[in-house]
Amino acid sequence: MRNLILSLFLMFSGLVYSQDITILQVNAKWNQHNDMQINSVKGAKIQYALLEDQSIKFQRAIKSVPAILIYKDQSLVWKKEAGLTLKLNITISELDSLVRVYKNEQF
C-alpha cells in the first residue's frame with residue numbers, strides 16, 4: 001500500500017512540474033515541399049498549420065514560411081522563419097536540444 005501511495009505521489013509530482021512543450025510548423029500550401037519532417041523530435045507535441053487557414057492576426061505575425069514556433073505552456077518561447085530561401089536552416093537535433101532546454105528551464 002505504501003508503494004502504491006508513493007507511486008501515485010511521484011506520478012502526480014511529475015505531472016505538476018512537467019513543462020508542456022509544443023512545436024508548431026507553419027507553412028503555405030504552395031511551399032509544402034519545404035516542410036521539415038519534425039515528427040521525430042522527442043519530448044514535445046508536434047503540430048502543423050497552413051498559413052492560409054489561420055487568422056489574419058496570426059498571418060501577419062509570420063513573415064516567411066516555413067516557420068517553426070516553440071511554445072512552453074502555451075506561451076511562445078522561440079521562433080525561426082525561413083527567410084528568402086523558403087527553407088529552414090535548422091536540424092532535427094537542434095530542435096531536440098531546444099526542447100530539452102525549454103523543458104528543463106525553471107521560471
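The nearest pair of heavy atoms linking Pro66 to Leu88 is O-CD2, 3.5 Å. Pairing each heavy atom of Ala49 with each of Gln54, the nearest pair is CB-NE2, 3.6 Å. In terms of heavy-atom proximity, Gly43 sits nearest to Ile21 at O-CB, 4.1 Å.
Although no hydrogens or angles enter the test, the distance criterion places a donor-acceptor pair under 3.5 Å between the side chain of Gln25 and the main chain of Met36. The backbone N or O of Lys87 sits nowhere less than 3.5 Å from a side-chain atom of Asn34 that would complete a donor-acceptor pair.
Phe58 is connected to Trp30 through a chain of hydrophobic side-chain contacts under 4.5 Å among Ile, Leu, Val, Met, Phe, Trp and Tyr, so both are in one cluster. Under the 4.5 Å side-chain heavy-atom criterion for ILVMFWY residues, a single connected hydrophobic cluster contains both Leu51 and Tyr71. Linking Ile, Leu, Val, Met, Phe, Trp and Tyr residues whenever their side-chain heavy atoms come within less than 4.5 Å leaves Leu69 and Leu50 in two separate clusters. Linking Ile, Leu, Val, Met, Phe, Trp and Tyr residues whenever their side-chain heavy atoms come within less than 4.5 Å places Leu24 and Ile62 in a single cluster. Taking hydrophobic clusters as Ile, Leu, Val, Met, Phe, Trp and Tyr residues chained together by side-chain heavy-atom distances below 4.5 Å, Ile38 shares a cluster with Tyr102.
In this structure, Ile46 and Thr22 have side chains that are not in contact, with every pair of non-hydrogen atoms separated by 4.5 Å or more. Side-chain contact between Ile70 and Lys79: absent, with no pair of heavy atoms (C-beta onward) separated by less than 4.5 Å. Here the side chains of Trp78 and Leu95 are in contact, with some heavy-atom distance below 4.5 Å. Between Asn89 and Lys80 the shortest side-chain heavy-atom distance falls below 4.5 Å.
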Apply the test side chain to side chain contact (heavy atoms under 4.5 Å, CB included) to residues Asp96 and Lys42: give CA-CA distance (whole Å), side-chain angles for both, the deciding distance (0.1 Å), then the verdict.
CA-CA 6 Å; Asp96 276 326; Lys42 304 277 189 258; 4.2 Å; yes
Can you check side chain to side chain donor-acceptor pair (under 3.5 Å) on Tyr48 and Asn39, steps first, answer last?
CA-CA 10 Å; Tyr48 294 90; Asn39 289 334; 3.2 Å; yes
Applying salt bridge (charged side-chain N to carboxylate O under 4.0 Å, His left out), run through Lys45 and Asp20 and close with a yes or a no.
CA-CA 8 Å; Lys45 294 179 188 174; Asp20 185 25; 3.5 Å; yes
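Not counting sequence neighbours, Asp53 has no partner by the side-chain hydrogen bond (donor to acceptor under 3.5 Å, both in side chains) test.
No more than 12 heavy atoms of other residues, nucleotides or ligands shown are found within 6.0 angstrom of CD on Gln74.
For the atom pair Asn27 CG and Ile68 CD1, the distance stands at 9.0 Å (nearest 0.5 Å).
Residue pairs meeting the side chain to side chain donor-acceptor pair (under 3.5 Å) criterion with at least one member in residues 56-65, sequence neighbours excluded, do not occur.
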